[in-house]
Amino acid sequence: MQIDIRRWKPGDEESLALNANNFNIWKNVRNRMPFPYTIDDARNWIGQNQYMDPVTHFAILVDGVAAGSVGFELKDDIYIKNAEVGYWLGEKYWGRGISTYALEWIVKYIFSEFDIHRIYATVFIDNLASRRVLEKAGFILEAIHQQAVFKEGKFIDECIYKMLKEEFHDPDASSGD
């Protein structure tokens, strides 16, 4: 299995729509990701990301197919040294370490390319798989905000995971031995 991370590009629409159009993904992400997810939604997403500078959203490729997304938002005002990360992966690719790889990749990218001190992610409390991805990538549970999310007509607790720059350990760096 070959995993690559790159900018979204024309030609990714079909695989993006195929993988994103999944209720099991949508129920764990923000409502700005539409459901059902159509080919027009995929065209719009790819179009929005074509000329983004800096690039903040990337396709996760598995064996050359756009199977998911990883990205971040740079914060502003008093949160200017923060970035929020997010990711999703097509259900047929779950359980193979792909999301952990993508998250580790984006963390390294953020800390090396931007003046960021803290990266954080939010995840619904019952999304145990995503929480495990964050923990495997070195994120620490910082807080649980009770009933912070309203999705599908119900309140959900939200977990906040964080990593500070000094806590980051580049898995690709040599040990110096």
Side-chain angles (χ1 to χ4, degrees), residues 1-75 82-114 116 119-124 126-137 139 149-153 156 158-159 161 163 171-172:
M1 172 177 63
Q2 177 67 38
I3 305 168
D4 295 299
I5 312 287
R6 67 151 164 78
R7 178 190 284 255
W8 286 101
K9 66 179 188 178
D12 290 334
E13 296 87 354
E14 189 174 319
S15 60
L16 171 56
L18 179 68
N19 284 294
N21 188 32
N22 183 318
F23 180 78
N24 290 326
I25 293 168
W26 178 82
K27 71 181 183 179
N28 288 303
V29 298
R30 294 184 181 168
N31 288 341
R32 65 182 170 209
M33 183 171 170
F35 183 78
Y37 198 98
T38 67
I39 196 77
D40 286 334
D41 295 320
R43 281 190 201 102
N44 289 337
W45 176 254
I46 291 167
Q48 290 171 13
N49 285 280
Q50 278 302 284
Y51 305 103
M52 192 175 276
D53 185 29
V55 181
T56 59
H57 294 85
F58 298 87
I60 302 170
L61 303 178
V62 180
D63 296 329
V65 174
S69 185
V70 63
F72 64 97
E73 292 179 7
L74 297 169
K75 298 303 179 175
N82 286 258
E84 180 180 6
V85 294
Y87 50 89
W88 65 266
L89 187 66
E91 188 170 7
K92 78 179 199 175
Y93 301 99
W94 292 359
R96 300 190 208 171
I98 298 165
S99 293
T100 302
Y101 173 86
L103 182 58
E104 289 172 343
W105 183 91
I106 202 85
V107 166
K108 181 177 179 178
Y109 175 72
I110 295 167
F111 281 142
S112 66
E113 299 296 320
F114 301 91
I116 294 297
I119 299 174
Y120 70 95
T122 64
V123 61
F124 303 161
D126 58 351
N127 187 349
L128 301 179
S130 191
R131 292 178 63 185
R132 182 71 186 124
V133 165
L134 287 158
E135 291 163 1
K136 284 176 19 184
F139 281 73
V149 173
F150 190 73
K151 179 109 178 172
E152 294 188 274
I156 303 169
E158 174 185 59
C159 298
Y161 283 83
M163 180 184 293
D172 296 327

Would you say the side chains of S99 and Y93 form a donor-acceptor pair under 3.5 Å?
no
So F124 and S130, side chain to side chain contact (heavy atoms under 4.5 Å, CB included) or not? Walk me through it.
CA-CA 9 Å; F124 303 161; S130 191; over 6 Å; no
Please report the shortest heavy-atom distance between [X] and [Y], naming the atom on each side.
X	Y	answer
N19	A66	ND2-O, 3.2 Å
F139	I119	CE2-O, 3.7 Å
V65	S15	CG1-CB, 3.7 Å

Value rounded to 0.5 Å, distance of CD1 in I60 from CD1 in I3
9.0 Å
How long is the gap from CD on E104 to CE on M163, to the nearest 0.5 Å?
8.0 Å
Going by the rule side-chain contact (heavy atoms from CB on, under 4.5 Å), which residues pair with A17 if we only count those two or more places apart in sequence or in a different chain?
Y37, I39, A42
Residue pairs meeting ring-ring contact (aromatic ring centres under 6.0 Å, His included), one or both in residues 50-71, sequence neighbours left out, come to W45-H57, F58-W105, F58-Y109
When you measure from the side chain of [X] to the backbone of [Y], do you find a donor-acceptor pair of N or O atoms at a distance under 3.5 Å?
X	Y	result
R6	A59	no
Y101	R96	no
D41	T38	yes
E13	G11	yes
W26	P36	no

Any pair with a residue in residues 27-40 that passes salt bridge (charged side-chain N to carboxylate O under 4.0 Å, His left out), sequence neighbours left out, goes on the list, sorted by first then second residue, please.
R30-E84, R32-E73, D40-R43
